There are 2 protein chains.
Amino acid sequence: MGMRIGELAARAGTTTRTLRYYEARGLLPARRGHNGYRTYDEDDLKLLRQIRTLQDFGFDLEETRPFVECLRAGHPEGDSCPASLAVYRRKLGELDALIGELQAVRAQVGQQLERAERARAELAADAEVPGGPEPVCELGGDHR
Amino acid sequence: MGMRIGELAARAGTTTRTLRYYEARGLLPARRGHNGYRTYDEDDLKLLRQIRTLQDFGFDLEETRPFVECLRAGHPEGDSCPASLAVYRRKLGELDALIGELQAVRAQVGQQLERAERARAELAADAEVPGGPEPVCELGGDHR
DNA sequence: GTAGCCCTTGACGCCGACGTCAAGGCAAGA
DNA sequence: TCTTGCCTTGACGTCGGCGTCAAGGGCTAC
């Protein structure tokens, strides 16, 4: 029934280093066999998968703790407890805020790009009038 | 006309440490006075403001380099050069990709939250039938 | 016995953009 | 002269989530 750290890591698609790190952080403690080896069971795999899923969502390790504790308290899902739901909600707020900021930045950068492109177009057009097209600025850009 | 590092930092709303860091990175070299003090002028302030603006947009320091070099080459704006426009475009792509990922995560987390809330609602409803409402799980959550 | 694989702990490395502290120099005002 | 305030260089600390290396122990197969 039990497995050692290498197998657990492989089954969760992660590394032994990561598991030891989680243990050091108190997130995924391990039992020890007679020889000092860490021993895990299927429940640990479930905990670990919960952590990894949330990590993939961009949750901090600390934010996964309520989910892990909820599972260890015997609940069917990591998000069966209010503390986990609270983390979900907080994360949604953070995501919305971040997405909003990034969209604002995206708009600003887009405007800057358009403005700069218009400025270069005007320079090019001006150059047509006097004495033929002259190069404007070739600092490292478009070549190749 | 010249100013020392403290004044430049204050006028740009940053710190002396930051300016020394930029200099170490070769981004904002400084002349030196007779006593070894760094000396800056209004052009340096302009360079610095360009860097800070881009940093606020989330650009890496290295990504600001083409803008700085463009200004130092005598162009009116940091984005008057093709290399700068290339950075703009690359950044737009990165932003779009990132925003897309975050929106996908947001949707997933939203679904998880709804599912978990429904599950709890069903548990609460089930509890109504037998012998009155019983507490479901109070691990650290909603209190206060 | 010995090769080979897995395990153990400990500890330093990484990345980016600085913060923070230490020890000392220069200039100006009281 | 002494204090005050700004300046200098150098170097270590921060944060998260591990990667990577070192030195050594355990167990199995041959």
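Here the structure is a predicted model, which means the values were calculated and not measured. Sequence lines set the chain letters: A, B, ... in the order given, protein chains first and strands last, and positions in each chain run from 1.
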Undergrad: Rounding to a whole Å, what distance do you find between Arg65(B):CZ and dG16(C):P?
TA: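 Taking atom P of dG16(C) as the reference, CZ of Arg65(B) is at 13 Å.
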Undergrad: Which residue, His34(B) or Phe59(B), contacts DNA chain C at a nucleotide closer to its 5' end, judged by nearest heavy atom?
TA: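 In this pair, the answer is Phe59(B).
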Undergrad: Is any side-chain N or O of Asn35(A) closer than 4.0 Å to OP1 or OP2 of dC27(D)?
TA: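 For dC27(D), OP1/OP2 do have a side-chain N/O of Asn35(A) under 4.0 Å.
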Undergrad: Can you confirm whether more than 12 heavy atoms, excluding those of Arg25(B), are under 6.0 Å from its CZ atom?
TA: no
Undergrad: Separation of Leu61(B) atom CG from dG16(C) atom P, in whole Å?
TA: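 Distance, rounded to whole Å: 10 Å.
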Undergrad: Starting at the 5' end of DNA chain C, which residue's closest nucleotide do you reach first, Arg20(A) or Arg17(A)?
TA: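 Between the two, 5'-proximity favours Arg20(A).
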Undergrad: As a test of reading the structure: which of dT9(C), dA27(C), dC7(C) is closest to the side chain of Ile5(A), going by heavy atoms?
TA: dC7(C)
Undergrad: Would you check if the side chain of Asp41(B) reaches a backbone N or O of Asp44(B) as a donor-acceptor pair within less than 3.5 Å?
TA: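 It does hold such a pair.
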Undergrad: Rounded to whole angstroms, how far apart are CD on Glu23(A) and P on dC7(C)?
TA: 13 Å
Undergrad: Can you hop from Leu54(B) to Leu71(B) via hydrophobic side chains spaced under 4.5 Å?
TA: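 Looking at the clustering, Leu71(B) is in a separate group from Leu54(B).
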Undergrad: For dA17(C) and Thr14(B) - does any side-chain N or O of the residue sit under 4.0 Å from the phosphate oxygens OP1/OP2?
TA: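 No, outside the criterion.
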Undergrad: Among dT9(C), dA17(C), dC6(C), which nucleotide has an atom closest to any side-chain atom of Gln55(B)?
TA: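 Given the options dT9(C), dA17(C), dC6(C), the side chain of Gln55(B) is closest to dA17(C).
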Undergrad: With a 4.5 Å cut-off on side-chain heavy-atom distances among I, L, V, M, F, W and Y, is there a chain of contacts connecting Leu48(B) to Met3(B)?
TA: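 Hydrophobic grouping puts Leu48(B) with Met3(B).
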Undergrad: To the nearest Å, give me how far apart OH (Tyr22(A)) and P (dG16(D)) are.
TA: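 Spelled out: OH on Tyr22(A) to P on dG16(D) is 14 Å.
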Undergrad: Between dT8(D), dC18(D), dC7(C), which one does the side chain of Arg52(A) approach most closely?
TA: dC18(D)
Undergrad: When you check the phosphate oxygens OP1 and OP2 of dC7(D), does a side-chain N or O of Thr16(B) lie under 4.0 Å from one of them?
TA: no
Undergrad: Provide, to the nearest angstrom, the distance between the CZ atom belonging to Arg32(B) and the P atom belonging to dG25(C).
TA: 17 Å
Undergrad: Determine whether any donor atom in the side chain of Tyr21(B) lies under 3.5 Å from an acceptor atom in the base of dG19(C), or the reverse, and answer yes or no.
TA: no
Undergrad: If you check every side-chain atom of Asp60(B), which of dT8(D), dA17(C), dG19(D) has the closest atom?
TA: dA17(C)
Undergrad: Give, for atom CD of Gln55(A) and atom OH of Tyr22(A), the distance between the pair rounded to the nearest 0.5 Å.
TA: 4.5 Å
Undergrad: Give a yes/no on whether any side-chain N or O of Arg38(B) is located under 4.0 angstrom from OP1 or OP2 of dT8(D).
TA: yes
